[in-house]
Amino acid sequence: MKEMLSKITEDYLYRLIKEEKRIDDRDMFEYRDMEMEVGQIEPAEGSARVKLGDTDVIVGTKMEVGDPYPDTPESGVLTTAAELIPMASPEYESGPPGEDATELARVVDRGIREGDAVDTTELCIEKGEKVWVMFIDIHVLDFDGNLLDAAGIGAMAALIDTEVPASDFEEAEKEEDYSLPIEHTVVPVTFTKIKDQLILDSRLEEEKIADARLTISLNEENEIVAMQKGLRGVFDYESTKECINKAKEITSETREKVLNACDRENL
Amino acid sequence: MKEMLSKITEDYLYRLIKEEKRIDDRDMFEYRDMEMEVGQIEPAEGSARVKLGDTDVIVGTKMEVGDPYPDTPESGVLTTAAELIPMASPEYESGPPGEDATELARVVDRGIREGDAVDTTELCIEKGEKVWVMFIDIHVLDFDGNLLDAAGIGAMAALIDTEVPASDFEEAEKEEDYSLPIEHTVVPVTFTKIKDQLILDSRLEEEKIADARLTISLNEENEIVAMQKGLRGVFDYESTKECINKAKEITSETREKVLNACDRENL
Amino acid sequence: MKEMLSKITEDYLYRLIKEEKRIDDRDMFEYRDMEMEVGQIEPAEGSARVKLGDTDVIVGTKMEVGDPYPDTPESGVLTTAAELIPMASPEYESGPPGEDATELARVVDRGIREGDAVDTTELCIEKGEKVWVMFIDIHVLDFDGNLLDAAGIGAMAALIDTEVPASDFEEAEKEEDYSLPIEHTVVPVTFTKIKDQLILDSRLEEEKIADARLTISLNEENEIVAMQKGLRGVFDYESTKECINKAKEITSETREKVLNACDRENL
Amino acid sequence: MGSNKDIDLIEDGKRLDGRDFDELREISIDAGVLKRADGSAYLEWGKNKIMAAVYGPREMHPRHAQETTKAVVRARYNMAAFSVPDRKRPGPDRRSTEISKLVSEALEKVVFTENYPRSVIDVFIEVLQASAGTRCGGLTAASVALADAGIPMSDMVASCASGKIEGEVVLDLGKNEDNYGQADVPVGYIPRSDELCLLQMDGNLTQEEYEKAMEMSIDACKDIHEIQRGALRERYSTELQEEEITKASEGVE
Amino acid sequence: MGSNKDIDLIEDGKRLDGRDFDELREISIDAGVLKRADGSAYLEWGKNKIMAAVYGPREMHPRHAQETTKAVVRARYNMAAFSVPDRKRPGPDRRSTEISKLVSEALEKVVFTENYPRSVIDVFIEVLQASAGTRCGGLTAASVALADAGIPMSDMVASCASGKIEGEVVLDLGKNEDNYGQADVPVGYIPRSDELCLLQMDGNLTQEEYEKAMEMSIDACKDIHEIQRGALRERYSTELQEEEITKASEGVE
Amino acid sequence: MGSNKDIDLIEDGKRLDGRDFDELREISIDAGVLKRADGSAYLEWGKNKIMAAVYGPREMHPRHAQETTKAVVRARYNMAAFSVPDRKRPGPDRRSTEISKLVSEALEKVVFTENYPRSVIDVFIEVLQASAGTRCGGLTAASVALADAGIPMSDMVASCASGKIEGEVVLDLGKNEDNYGQADVPVGYIPRSDELCLLQMDGNLTQEEYEKAMEMSIDACKDIHEIQRGALRERYSTELQEEEITKASEGVE
């Protein structure tokens, strides 16, 4: 049930882009209104709801005590899953995650993991025996483009919001809950390429005519921790450098918003 | 491969029902011949085969030693599964249980579970560590309507027939098998609504034109332990009361038959 | 996406067979060139690649420490799986093993298992507690007929090539790797029946018009350890005896080739 | 019902959260909260947080599931992984399969399905935070989402449970009451026709208790129906306002 | 074959259940026992209890599996969860997948499939109680169910295994003989054409033992074929009787 | 990237396997190695052993996945169970699903897909032995297999990674470098148009390091492209030779 744009809409969008204009009059590198609600889901250890215009994503974290991986006996375990539930778009179908949901989960996961957002060694309870296992679940409620940023930002905010539920688990050997040990705040930004034009925070209609996208995750020291080119188009090397330069600026603004929304002191 | 009735058959059935008649000349609230064979399946801990006319259902129980659920450390575990195997009807397909099989299993399960048919606390072997895990498997061989009653009656009979196989399991810490501790004998009865007429023990053709059904499970003290409205039609509140009244009479007759078929003394 | 032969090709093949000729001028009971490479896959405990003409199969073994089956507490565990990956033929599809892959794996498995190729009692580490679990994985790269022989021969060679990785597993309680204890060298041969003619090592086109096949696995003492008739045709009893007689000769030649390729002394 | 532990659920004639026996938890509903869906509603009911969305009527796929004379109402009830204390594994389980079936059946009665042969009306219910009574909350929200989608209906279904705790019949069980109570009776009610389109029960009730519970529930459903209608009114008036603002601003230009 | 434990299976020239080496367990077959199926048969063979049912010929779904010149015979062998001492998890496993394939292949040879292009003839075999030899029992019962369904066939397949225990070739292994024996050879036999449509073997046999086993099995299959024919005769005569009774009673009216 | 253990990966300005920072592992490619596939290539890259095969263009199934104006390139990346030290369970996992998607996207750009509307070009990549860099190896081999299949392309994609170990930017990480290094940047490069059709990165790089890594990779991809072209030349010359031999022998007759 893939939806197509009409030829007329498509042409109109191309014409706009050529004139460096967008359907909602935004600048090329401007986010839509970003709303963040943090900690609204009580049963979750941490949660964040991120709205980028009409795109609406909830990320929740859950923790339990489990086994470490044999090759990392001193680290907690991180698992990220995404569901593109059919509520969010007429194009999504029920069933196990397809390749889009898998890519979404893995790109968000790589940002968190490779950027050392969480100090996973502090999630070891007993070396080689038991560690904290953390699930990051991405739930998309309404899809109007740019899921990668909404989910990636939501995941970082949910992590900052997370309380390790030590008091609920006898095996945790601690009596009080404590805030998740955050090492870096990693924030993604996704550039969408339409013909030769790069834009930020693409809406659904824009993604329908997009050639390629490039997601760049940076930490607070402007180090690159994850990248992913997506879609069937290409980038040239020069424009990837351009994107990285722009990403520094943009992600530091986003990072500010995340930290403000989270209201956590010990960071 | 859903089968339809011809328009003529349908009209004929409606006309009959209007005149308070049935295709096989039964009364509105009369069961078909009910045959019960108990304990015929040797490898099962308990078993019962129930025929309601041409509807033919076998229920078998199996027990093994396993882990309790964390929130009920002192109770045995009960699991009910139903397979609508394609042998039983041209409408059934191979594959994992669909929503009809799931509803069947869950309604039978709720009667047994919520009616405290089995004293599950006696199925605890070691608190929080090991308990008896019981599987109730419903196998439909021939489908001519009213599965819910055939399966529910069969499940109760199979439970009464069940010998806990303690001698087979070292972990059971008992040397002799013993009869499953039965607390209540729960028996369901299902009313089928066609237009404004209620009938009992509907046959396949009757179910094809049915608007709704209501299953009521009662224990030997005439307490209601489970109910389920099914199908896309409705009941009004008054008729549910009527059904409950009728259910008392009917289930006590059914209960008598079950106990007779089971030939177990210590109840 | 089942491929059909054209009527002309079919007729041509039948005419050939009638005259006791084959498309590639082989004798009725002659193998194609058989190439064997043993031990080329480093991460595998043992491996063999077998080419019969254009049919190309890799078999690899992997071992880990695990639980014994409750009814054989003193034996290692053997598991054989086959994947007919879509690389190998336009008729193969992605997804879980279908009935052809399942039959292939089970026939190979029965030869190994029932022929006591491996002394599984020597794979017991601690009775009832831990044993070696061995996986035999059959990977078909290119399919031009007679998979059963290629896979069965490859499996036997891979087993002979297998080093038990005791030094990698603390639980193994041995410090040095050692060769898998081989008890018998079991080799299969498959006869294909086209009309009334029996042939050996059928190619794809021949299998397209085949009526039946008979696989016979023999050990080095010419004892029959496994048989399987396949396809929708029949054999008469007399011809099964004929096949067994021929099989003795053929498998001893094959066994020779396997042993030569394996270059293992302690057999 | 739960493991019947000796847990006090009633003190001084009130329930632990201070409610009277026949008192609902707080309920609020917003209609039209999602953009992509044809209709939607967000419901908070006590600590439950539930989103419902409607797509359709649209062509039914797979085709062999089409009905030639009417639309099929196909509900899917799903719990978010983080909606409960112990993480819920994604994907349908037996419980959600049954609830999806019952909700589909309950809604079909009020939709004029014969207007849309061969179509499907998809109803998605996502439980974001669960705290007893999610099937009733989901059914209630779904009805509003259907109305928000502009789908012709004879009425909205209102849904609510009552049950028994410490021997008393009470309305709308909360989480502890559900875990440690003695019976639960979820009901789906169509006010206009005074009919029950959802009815389940588990636990232990005498006929008298059943009647008391049902009467409580039906009364409560009438109240819930008012809240549903309020959500729609709110929604339409917002839309109206927006239209007026648009008109006004056009007038200005 | 089993773990070759030192378990006595023969005493004083008889097997533990008192049978001679070439003696079958008791077999009984009833045809036409199910209402919905087009044909059916119930078989008891020693402690095995097996139901077989046939549906078709009917249109093949999915379409791409149709054959343009003939019907496909599609068998599904399934064990009930409670049919074996350790509960069998529902759904197909590798063993049942293989048996289903072999039974499909064995039956197709005797059915006049060319009469029904694009069709499927579904054969369902349900093992209710298993005690060694269920594939042979299933194939035997399925043949009767096909005949009961009135499907044109050249013959019924009779099936039976023989094997080796304590070095002796014996017919129709029982459960312990199967578990602790040395070889098992299940055979499907078409009496009219003297052909083998099922043949498997596992264990360890010399060629001489193989021949002895096969000859035993083929003889036994001829006996089983008689039992199959008896079941059909019984079935038809019952039907005839019923018809006569009907006629008689109509005469009365 | 790995668990950042203190493992030495550089000694005396060389990597542990003796390579310079900007040195590739050894690469060899053979084209046309499978019979059934329309095109194929076998690649060895260090200790990686990878087979790629192409089928198509052929009709796309299922139909609803067809595109009316072009062919779809559908890659499937799969690891053999025995290709890694810990047995890989058969079937796709999340990692292989993602790689399959990225490889499909990377290849579609160079194929003239508009020549084959409603078709699919299937690309199968089987990793027989894995040792860091299998996605780059797979993409490189797949490009050769596509060319071997005679599918019209604007260019072959060459692919290679670079990364960071012990603070140094190096080309083409080996297994230990991948496990214990600090960053990995796999790149797919189209030499003719100087464009990137695959780009991923994980770990930790400054912008300067990123640039250094990219420049290394792009240079290396140009070398790999030569190896790819060599494999094709070899393939064609073999074919030519074979044809000539055939002709010659025909002359003899």
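Here the structure is a predicted model, which means the values were calculated and not measured. The chains referred to below are lettered A, B, ... by the order of the sequence lines, with proteins before strands, and numbering in each begins at 1.
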Residue selection (most heavy-atom pairs with chain F, distance under 4.5 Å) from C:A88, C:G95, C:A81: C:A88
Heavy-atom pair count under 4.5 Å with chain C, highest-scoring of F:A53, F:G91, F:A130, F:A37: F:A53
Contact leader toward chain F among C:T61, C:L141, C:D168, where contacts are heavy-atom pairs under 4.5 Å: C:L141
F:S119 side chain to F:E59 side chain, donor-acceptor N/O pair below 3.5 angstrom: no
Per-residue contact mode, C:E45 against chain F (heavy atom under 4.5 angstrom): neither
C:E170, CD atom: more than 12 neighbouring heavy atoms under 6.0 Å: no
Residue F:K49 versus chain C: region with a heavy atom under 4.5 Å: side chain
Note: C:R22-C:E30 ion pair, threshold 4.0 Å (strictly below): no
Top contributor to chain C interface from F:S131, F:A80, F:S40 [non-hydrogen pairs under 4.5 Å]: F:A80
Region of C:D137 in contact with chain F, defined by heavy-atom distances below 4.5 Å: both
Ring pair (Phe, Tyr, Trp, His ring centres under 6.0 Å) partners of residues 139-176 of chain C, not counting sequence neighbours, each pair once: C:Y92-C:F143, C:W132-C:F169, C:H139-F:F82
Under 4.5 Å from a heavy atom of chain C, the part of F:D38 involved: neither
Trace of the salt bridge (Lys or Arg N to Asp or Glu O under 4.0 Å) decision for F:D148 with F:R235: CA-CA 8 Å; F:D148 179 49; F:R235 163 74 167 139; 2.8 Å; yes
Portion of F:R87 that has a non-hydrogen atom of chain C nearer than 4.5 angstrom: both
Residue from F:L107, F:I121, F:L34 passing side-chain contact (heavy atoms from CB on, under 4.5 Å) with F:V54: F:I121
Distance (rounded to the nearest 0.5 Å) between C:D144 CG and C:D56 CG: 11.0 Å
C:E83 versus chain F, the contacting section by heavy-atom distance below 4.5 Å: side chain
